[in-house]
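Numbers for residues simply follow the sequence, beginning at 1. Treat the numbers as computed from the prediction; the structure is a model and nothing was measured. All heavy atoms count here, side chains included; hydrogens, waters and symmetry mates do not.
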Amino acid sequence: MGNYLSGGSIKVKENGWIKRISLSIRPPSLEDNRGDLDRLFFSIRHILGDCKIDMPLDLISKVQKFLRTYRYKTDILYFEDGNILKIIDLFPAGFNLPLYGIAIDLGTSNIALSLINIVKGKEVYFQNILNPQIKVGPDILSRIHFAEDNRKLAELQEMVIDAINREIEDMIHKTGIKREHIVGMSVAGNTTMSHLFLSLDPHWICREPYIPCANRFPILRAKELGIFINKNAPVFIFPNVGSYLGGDIISGIFSLGLEGSERLFCFIDVGTNAEIVIGSREWMIGCAGAAGPALEGGVGNIGMMAGKGVIDRISYDANEDRFKIHLIGEGSPKGLCGSAMIDLISELFLYGFLDERGRFVKERCKERLGNREDEIRFFILRPGEFYSLNEGLYITQAEVDSLIRSKAAMYTILRTITGMLNVDFNDINRFYIAGTFGSYIDPRSAINIGMLPDIPIERFEVCGNTCLEGAKRLFFERDGIRRIYRIRDNLTYVELNVNQEFMNLFSGSKFLPHTDISLFPSVKKRLSSVLR
């Protein structure tokens, strides 16, 4: 029997979960008559050690012609799934064209996609789109109920897959890359979004005892999901911890490396759901609750997701009696994203336009306040300027109420979990704020309305979209998947749906900033200063 291998090496440019090896295989002869697939597998094991190898049939069928065409020199692209080496594709030896991965933040309201050059380690394309499932309902509960019919469950999956494929087509058209060079995808989302992405029945997610179909998902091939990239590219879905603590939180902790923190931290991911983890490298406890679409800019006429032409910051100038805005990009304002909504409610409250119940004060609002034909009150920021009722760029009492419910849920979750752990807010070294609007939020405004605890502002760190960052990081960390599963397995989930203390605390949080003003001493002081 002949020597199968005349040389071999491991390329280390791809340092993430998708790896590449270079093989130089001795061609067959009359003395060495093993099949080309056997020869290929032997060469892989010669470099990587004894391992199970999985290769799709469509790749097996091209092995013989491919090896002979390229004189038995080839680069093999693969990933590891447990103790199995799974081959993605074969490329000519020395293949030096870019290879790409797609990272996805699968949000309830929005889907963010990042195209990454995994050889050079940089993002080359980014897109943020509306989740098409929103036409079924703005929250996960409405989609869970819609999915009771298996055909409608498949319809929800199709909506997302089709939207992702359209963006992939756009990426390919604008960048000129080849589809087969997109060799992996990572997807992070909450538990319900992950289930709908895979067409898994979400029925029991919202019903006691609140058990999802799965918390860990197999690594699938793109062709199994109908995703139009390299058909054998792996699709990794971040695991869940529980019904309302999903892969988005795991991805966020992974992106920041918080599982190694020596000091107590609090990680807050705010979107349609508010998901919170408190812990350190010794332990982590997490819980979640519905925050509502208000904090993702999904509020009525005025709310929008962050983007060009959207207001992301607002302040009130008492001397000029006018609201000042900061716009993302240039042009005319289109609406407010979640961070600006928080700023606006904060300023309206501090300067007396809203009372502690969140109701407009008629005597203070004066000509800015009106009633629509449906008798809903509205408030215009700059009368006679760029806000017009015809365009719908105004804020109504209903929209204020929606945001107050969202902020109340956020603060109540924090109070509940710290109470369960017998931890004071001041015991926590660092608060990390993430989520769709995590790049823009002003923690001071959030404190003013009673959304975040009243602690020194320097303890807050605004982190942006850590869910997407974690999905991107996976392409650059060799041991990333093992680390992700360790985070998941070390995180204890607490179910709040059956927690009576949560309900007791929630009612008191639906005021500005709270029924117990002593919990917010800096806000009380500022209110006194403004009123003077």
Side-chain angles (χ1 to χ4, degrees), residues 1-29 31-96 99 101 118-119 121 181 183-186 216-222 224 230-237 239 254 473-489:
M1 205 172 353
N3 181 10
Y4 289 89
L5 209 67
S6 60
S9 63
I10 301 179
K11 287 201 169 200
V12 293
K13 282 186 177 180
E14 293 73 55
N15 288 322
W17 64 304
I18 293 173
K19 305 174 179 68
R20 175 163 57 167
I21 56 173
S22 292
L23 302 174
S24 180
I25 307 167
R26 186 177 297 281
S29 63
E31 294 76 27
D32 177 5
N33 61 1
R34 288 200 181 187
D36 285 326
L37 182 65
D38 300 320
R39 190 181 311 279
L40 177 67
F41 282 11
F42 180 91
S43 301
I44 293 171
R45 292 185 177 111
H46 181 85
I47 294 175
L48 299 179
D50 190 31
C51 59
K52 295 180 181 178
I53 302 174
D54 173 73
M55 190 173 194
L57 182 61
D58 61 287
L59 280 183
I60 293 175
S61 67
K62 88 173 198 178
V63 164
Q64 192 164 59
K65 183 177 180 180
F66 185 91
L67 291 181
R68 291 169 189 268
T69 299
Y70 294 103
R71 301 178 182 277
Y72 286 85
K73 292 179 172 60
T74 180
D75 281 4
I76 301 293
L77 212 63
Y78 71 97
F79 67 99
E80 293 169 319
D81 188 1
N83 61 349
I84 303 175
L85 184 151
K86 295 190 173 183
I87 297 175
I88 302 169
D89 213 340
L90 292 77
F91 293 98
F95 174 80
N96 59 6
L99 294 171
I118 62 177
V119 176
H181 292 172
V183 295
M185 177 179 285
S186 58
R216 291 176 64 150
F217 311 101
I219 301 176
L220 302 172
R221 306 272 188 171
E224 296 179 81
N230 187 308
K231 59 185 176 181
N232 289 310
V235 180
F236 178 81
I237 299 96
F254 172 67
R473 181 169 181 168
L474 179 60
F475 286 100
F476 308 119
E477 187 161 330
R478 243 183 127 73
D479 198 39
I481 289 179
R482 288 189 182 90
R483 215 185 108 206
I484 287 165
Y485 285 136
R486 282 199 300 268
I487 292 170
R488 185 248 171 254
D489 293 342

Atom [atom1] in [X], atom [atom2] in [Y]: separation rounded to 0.5 Å?
X      : Y      : atom1 : atom2 : result
Cys51  : Ile44  : SG    : CD1   : 7.0 Å
Met185 : Leu474 : CE    : CG    : 12.5 Å
Leu77  : Ile118 : CG    : CD1   : 6.5 Å
Leu23  : Ile47  : CG    : CD1   : 5.0 Å
Thr69  : Lys62  : OG1   : NZ    : 10.5 Å
Asp89  : Arg20  : CG    : CZ    : 11.5 Å

Could you please spell out the steps behind the salt bridge (charged side-chain N to carboxylate O under 4.0 Å, His left out) verdict for Lys65 and Asp36? CA-CA 10 Å; Lys65 183 177 180 180; Asp36 285 326; over 6 Å; no
Stepwise side-chain contact (heavy atoms from CB on, under 4.5 Å) check, Glu224 with Val235 = CA-CA 9 Å; Glu224 296 179 81; Val235 180; over 6 Å; no
Using modelled atom types and a 3.5 Å cut-off, is there a donor and acceptor pairing between side-chain atoms of Arg221 and backbone atoms of Lys231?
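No, because the side chain of Arg221 does not come within donor-acceptor range (under 3.5 Å) of the backbone of Lys231.
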Checking the side chain of Thr74 only, and the main-chain atoms of Ala93 only, is there a donor and an acceptor separated by less than 3.5 Å?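 A pair under 3.5 Å: no.
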Please name the pair of heavy atoms, one in [X] and one in [Y], separated by the smallest distance, quoted to 0.1 Å.
X      : Y      : value
Trp17  : Phe79  : O-CB, 3.5 Å
Ile87  : Tyr78  : CA-CB, 4.1 Å
Glu80  : Ile219 : O-CD1, 4.4 Å
Pro234 : Ile88  : CD-CD1, 3.5 Å
Gly121 : Phe476 : CA-CE2, 3.4 Å
Ser186 : Phe475 : OG-CE1, 3.4 Å

**OP:** Report, as yes or no, whether the 6.0 Å neighbourhood of atom NZ on Lys52 holds more than 12 heavy atoms from other residues, nucleotides or ligands.
**Re:**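 Open: at most 12 neighbouring heavy atoms sit under 6.0 Å from NZ of Lys52.
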(Q) With a sphere of 6.0 Å drawn around CZ of Arg482, does it hold more than 12 non-hydrogen atoms of other residues, nucleotides or ligands? (A)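 Not more than 12 within 6.0 Å, no.
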Please verify the inter-ring angle class for Phe66 with Tyr70; under 30° counts as parallel, over 60° as perpendicular, anything in between as tilted.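 Phe66 and Tyr70: tilted rings.
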Note to self: I want to check something: taking the side chain as every heavy atom from C-beta on, are Phe95 and Ser22 in contact at a cut-off of under 4.5 Å?
What the structure shows: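 The answer is no, as the side chains (C-beta and beyond) never meet within the 4.5 Å cut-off.
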### Query
Step by step, would you call Ile76 with Leu40 a side-chain contact (heavy atoms from CB on, under 4.5 Å)?
CA-CA 10 Å; Ile76 301 293; Leu40 177 67; 3.9 Å; yes
List in chain and number order the residues that pass side-chain hydrogen bond (donor to acceptor under 3.5 Å, both in side chains) with Asp81, two or more places apart in sequence or in another chain; answer none if no residue qualifies.
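With sequence neighbours excluded, Asp81 shows a side-chain hydrogen bond (donor to acceptor under 3.5 Å, both in side chains) to Lys86, given in chain and number order.
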Kindly indicate, with the supporting measurements, whether the criterion side-chain contact (heavy atoms from CB on, under 4.5 Å) is fulfilled by Arg34 and Phe41.
-> CA-CA 11 Å; Arg34 288 200 181 187; Phe41 282 11; over 6 Å; no
message = Please enumerate all residues that pass salt bridge (Lys or Arg N to Asp or Glu O under 4.0 Å) together with Arg483, with sequence neighbours excluded.
response =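 Arg483 satisfies salt bridge (Lys or Arg N to Asp or Glu O under 4.0 Å) with Glu259, Glu477 only.
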Step by step, work out the side-chain contact (heavy atoms from CB on, under 4.5 Å) result for Asp32 and Arg39. CA-CA 10 Å; Asp32 177 5; Arg39 190 181 311 279; 2.7 Å; yes
